[in-house]
Student: 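Questions regarding the structure given below will be posed in turn.
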Amino acid sequence: MQGDSNDVGISRRNALRAASGVALGTALAGCSDGDTEPQEGIGGNGNGNGAGNGQVLHVTFPDDPENFDPHLTTINMAQRVLENVAEGLFRLNADLEPEPLLATDYEISDDETEYTISLKEGVQFHEPIGGEMTAADVVYTFERVMDPDVGSPRAENFTRVESVEEVDEYTVRFDLEEPFAPMLTAFAESVEIIPEGAADEVDLQEHPVGTGPFSFVDWTVNQGVEIEAFDDYHVDGVPNLQRVEFDIVPEPAARLTALDVGDTHVLESVPFQDIDDVSESSETEVATQTGLFNQGYWFNADEAPFDDARVRRAVSHAIDRDAIIQGVLFGHGEPVHYPIPPASEWENTIDPGPVPSQDIDYALELLDEAGVDPESVETSIKVSRTPGPGADAATLIQGHLSELGFDVEVVELDFSTWLDEVWVDNDYEMAIGSWSGRVDPDGWYYRQYHSEGAWNHWAYENDRVDELLEEGRSETDPDARADIYGEIESIVQEEVPMTYLYFDDESVGYRTEVTGYELEIANLTSFHDVTIDD
C-alpha cells in the first residue's frame, strides 16, 4: 500500500510542489546505436549572441511558480521559466523525440545496460557559480537526483542505474542493472544539469542555476519572475531578447486585457472561451494544439464507498465527458478515460477501448451489485481553482452524479491548499488533478499504478500490474511493450483506481509583434529564438 509522500522520499517542503507536472516524455522505437551527429543546440544562426538589443518580453502567468529547484519541482509555472534557464543532456523536439542538447553523441552497449554520453565542450554555467560544465557536474547532478534524502520525484526514472561515472572531462557513463527502455526519454524529460555542489552554494528553490540562454535574476512571490540573457550561452545567435519578465496575474479577465492592450506580449493558457476572439484579433495570435496535460479524476480507495471498484466504475460511467468538452473547454479538447496523449505514437498501439459514454442505468446497476444505495452517498470533490478549468468540470460532474442520487459537495481550494490536502495528505474522497502527460507508457503508468509508485495517491495495489510494469521497463521491443501496456490498461479499466476526463488544448496567445515563437507542446514557453518587432 502507498504511504504518505515522505515514504517515497518527497519531503513536505521540497516536493509538496508537485502536482501539475511538466509535459515531457517520448517513446523510442528502439535504442540508438550512437550515430547521432554532434548538435549545435536549440536554434541559433551563427551570428553571435543576440542579446543586448534591450528587448524585454512580458509573459503573463496565472499562478506563482512556488519552487524552482529543477530536480524537485513539477509545477507547471516553474517549468515554464526553467525551460529557458536550465538544460538537460537531451531535450524533446517538436516531434516529441529526444535529441542531444548538452550531449553531443551517445553509445549504448549491445546488452543495453551501458550508456556512454559525450558532452558538449565550452558550455558555461550561470552565476553566482559559473564555470565550465564537465562530466563531474553531470555525475553530481544525477547522484543528487537519485539520492533518497533529496527526494526528487525524478528518481524513479533511474532506479536501475547502478552507477554514474566520469570517464574523462567530457564523457560520462551510466551503468544499469538491467535494460530500461525509456532511458533516453528519462534523460530528456527528467534532469537538468547543475554545477557540482550547487545545492550547497545556493538555494535552488529560490534561485536556479543552469546553462540555458537566460539566467535567473529575481522572483517576487505572487508577483513575478525575471530572467535575463546569458551572454556566454553555448549557441551562437541565441537569445535575441535582453530580458523576459513573467508577471503573475490570477484573474483571467485581467490577463486577457493585458494581452489586448499590449501590456503583455505572451499569455500562457488562453481561456478556452476566448481562444477564437484572440485568434481573430488583428493584433494577437493564438498557437494551439492538443497537449500532453490531462485532467484526472481520483478516488480515495481507503474511503467507503470508493473502496469498491464497482462504485468507481459507476462514477466513471456517470460522467458525461462530451458535456465537459463542450461546456468547460468550449470544444478545445478530447474526451478520454486513459492517459495516452493524442500526440503520442502509442495511441494507435495500446487499445484502451472506447471512451465510455454517460450511462446512468449501467452505473446504477453497478451500485446495486456493490450493495450501495446511491441516495445514501454523501461525498465531495476537492479541486484547485487554478490552474486549468478543473473547478468548472467538478461542478458539471456534481450534476452528473446527482443523477445517480449522490449528494456531492464541490470543495474549491487554492492550489497550495489542494497540494497539501490531496497530494501530500491524501485527505479527500474524490478529487480532480491535472497530470503531466508523458509520451512513453512508463511515464503514464508506473508512478500512478505501481503499488510503490510515487504518484499512486489512490492506494492502488495489484501484483499482476506491478509485474507488468517492471516488464514494460525492461522490454525494448515496441510491439512487445504495446502488448504489456495493453494488458495493464485492460486491468485498470476494470478496477478504475482513477480515471481520466480529457486532454485539453494548449493555447498560447501572443502579440503579432512577437516573432520566432513556435508552440512545442513539450516546451510551451521556450523563448530561445523570439524577437519583438518594433
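All values below come from the heavy atoms of this structure, side chains included, with hydrogens, waters and symmetry mates left out.
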Student: Does the distance from a Lys or Arg side-chain N to an Asp or Glu carboxylate O, for Glu487 and Arg464, drop under 4.0 Å?
Tutor: yes
Student: Is the side chain of Arg385 donor-acceptor paired with the backbone N or O of Phe415 at a distance under 3.5 Å, no angle test?
Tutor: no
Student: Mind checking the NE2-CG spacing from His58 to Asp247? Nearest 0.5 Å is all I need.
Tutor: 7.0 Å
Student: Hey, does Leu329 have a side-chain heavy atom less than 4.5 Å from the side chain of Asp505?
Tutor: no
Student: Between Glu452 and Arg447 (salt bridge meaning N to carboxylate O under 4.0 Å), is one present in this structure?
Tutor: no
Student: May I ask you to check whether Glu285 and Tyr517 show a side-chain donor-acceptor distance below 3.5 Å?
Tutor: no
Student: Quick one: which of Glu520, Glu192, Glu83 gives a salt bridge (Lys or Arg N to Asp or Glu O under 4.0 Å) with Arg91?
Tutor: Glu520
Student: Is there a side-chain contact between Arg154 and Val145, using heavy atoms and a 4.5 Å cut-off?
Tutor: yes
Student: Between Asn456 (side chain) and His450 (backbone), is there a donor-acceptor pair under 3.5 Å?
Tutor: yes
Student: Answer yes or no: is there a donor N or O on one side and an acceptor on the other, between the side chain of Asp263 and the main chain of Thr257, under 3.5 Å?
Tutor: no
Student: Indicate whether the side chain of Glu178 and that of Ser474 have a donor and an acceptor atom separated by less than 3.5 Å.
Tutor: yes
Student: Test side-chain contact (heavy atoms from CB on, under 4.5 Å) on Leu404 and Val377; report intermediate values, then the result.
Tutor: CA-CA 10 Å; Leu404 294 177; Val377 177; over 6 Å; no
Student: Is any side-chain heavy atom of Pro339 closer than 4.5 Å to a side-chain heavy atom of Tyr445?
Tutor: yes
Student: I'd like to check Pro179 versus Glu475 (side-chain heavy atoms, cut-off strictly below 4.5 Å). Are they in contact?
Tutor: no
Student: Determine, step by step, whether Asp407 and Thr379 satisfy the side-chain contact (heavy atoms from CB on, under 4.5 Å) criterion, reporting the C-alpha distance in whole Å, the side-chain angles of both residues, the deciding distance to 0.1 Å, and the verdict.
Tutor: CA-CA 6 Å; Asp407 182 1; Thr379 186; over 6 Å; no
Student: Name the orientation class of the two ring planes belonging to Trp298 and His457 (parallel below 30°, tilted from 30 to 60°, perpendicular beyond 60°).
Tutor: parallel
Student: Of the options Arg313, Arg321, Arg312, which is the one that meets Thr499 in a side chain to side chain donor-acceptor pair (under 3.5 Å)?
Tutor: Arg321
Student: Under 6.0 Å between ring centres: does that hold for Tyr500 and Tyr338?
Tutor: no
Student: Are any of the side-chain nitrogens in Glu470 or Arg473 under 4.0 Å away from the carboxylate oxygens of its partner?
Tutor: no
Student: Yes or no on side-chain contact (heavy atoms from CB on, under 4.5 Å) for Ser507 and His332, after CA distance, side-chain angles and deciding distance?
Tutor: CA-CA 9 Å; Ser507 55; His332 294 287; over 6 Å; no
Student: Would you check if there is a donor-acceptor pair between the side chains of Glu506 and Thr288 at a distance under 3.5 Å?
Tutor: no
Student: Got Phe61 and Arg80 here, is their nearest side-chain heavy-atom distance under 4.5 Å?
Tutor: yes
Student: Check the side chains of Asp414 and Thr417 for a donor-acceptor pair under 3.5 angstrom, ignoring hydrogens and angles.
Tutor: yes
Student: Classify the side-chain pair Asp466/Ser451 by whether it contains a donor and acceptor separated by less than 3.5 Å.
Tutor: yes
Student: Which heavy atom in Glu347 sits nearest to a heavy atom in Pro341, and how many Å separate them?
Tutor: CB-O, 4.1 Å
Student: Enter the distance from Ile360:CD1 to Gln358:CD here, rounded to the nearest 0.5 Å.
Tutor: 4.0 Å
Student: Kindly indicate, with the supporting measurements, whether the criterion side-chain hydrogen bond (donor to acceptor under 3.5 Å, both in side chains) is fulfilled by Ser416 and Glu66.
Tutor: CA-CA 9 Å; Ser416 294; Glu66 306 270 356; 3.1 Å; yes
Student: Answer yes or no: is there a donor N or O on one side and an acceptor on the other, between the side chain of Asp477 and the main chain of Ala480, under 3.5 Å?
Tutor: yes
Student: Write down the atom of Ile397, the atom of Ile432, and the distance for their closest heavy-atom approach.
Tutor: CD1-CD1, 4.1 Å
Student: Answer yes or no: is there a donor N or O on one side and an acceptor on the other, between the side chain of Asp95 and the main chain of Glu97, under 3.5 Å?
Tutor: no
Student: Does Phe299 have its ring centroid less than 6.0 Å away from the ring centroid of Phe306?
Tutor: yes
Student: With heavy-atom distances below 4.5 Å as the criterion, would you say the side chains of Leu292 and Val439 are in contact?
Tutor: yes
Student: Keeping the roles fixed (side chain from Thr159, backbone from Ala155), state whether a donor-acceptor pair exists under 3.5 Å.
Tutor: no
Student: What I'd like to find out is whether the side chain of Leu524 reaches to under 4.5 Å of the side chain of Leu519, using heavy atoms alone.
Tutor: yes
Student: Compute whether any side-chain donor of one residue and acceptor of the other, for Ser190 and Asn157, lie under 3.5 angstrom apart.
Tutor: yes
Student: Could you please spell out the steps behind the side-chain contact (heavy atoms from CB on, under 4.5 Å) verdict for Val270 and Tyr510?
Tutor: CA-CA 10 Å; Val270 178; Tyr510 55 95; over 6 Å; no
Student: Look at the rings of Phe527 and Phe246 and say which category their plane angle falls in: under 30° parallel, 30 to 60° tilted, over 60° perpendicular.
Tutor: tilted
Student: Are any of the side-chain nitrogens in Lys382 or Asp427 under 4.0 Å away from the carboxylate oxygens of its partner?
Tutor: yes
Student: Under 3.5 Å, is there a donor on one side chain and an acceptor on the other for Glu303 and Tyr428?
Tutor: no
Student: Counting only N and O atoms by type, is there a donor-acceptor contact under 3.5 Å from the side chain of Ser152 to the main-chain atoms of Leu72?
Tutor: no
Student: With a cut-off of 6.0 Å (strictly less than), are more than 12 heavy atoms of other residues, nucleotides or ligands near CD of Glu518?
Tutor: no
Student: Check whether the side chains of Asp64 and Trp219 place a donor and an acceptor atom closer than 3.5 Å, and report yes or no.
Tutor: yes
Student: Taking C-beta and beyond as the side chain, do Asn462 and Tyr449 meet within less than 4.5 Å on heavy atoms?
Tutor: no
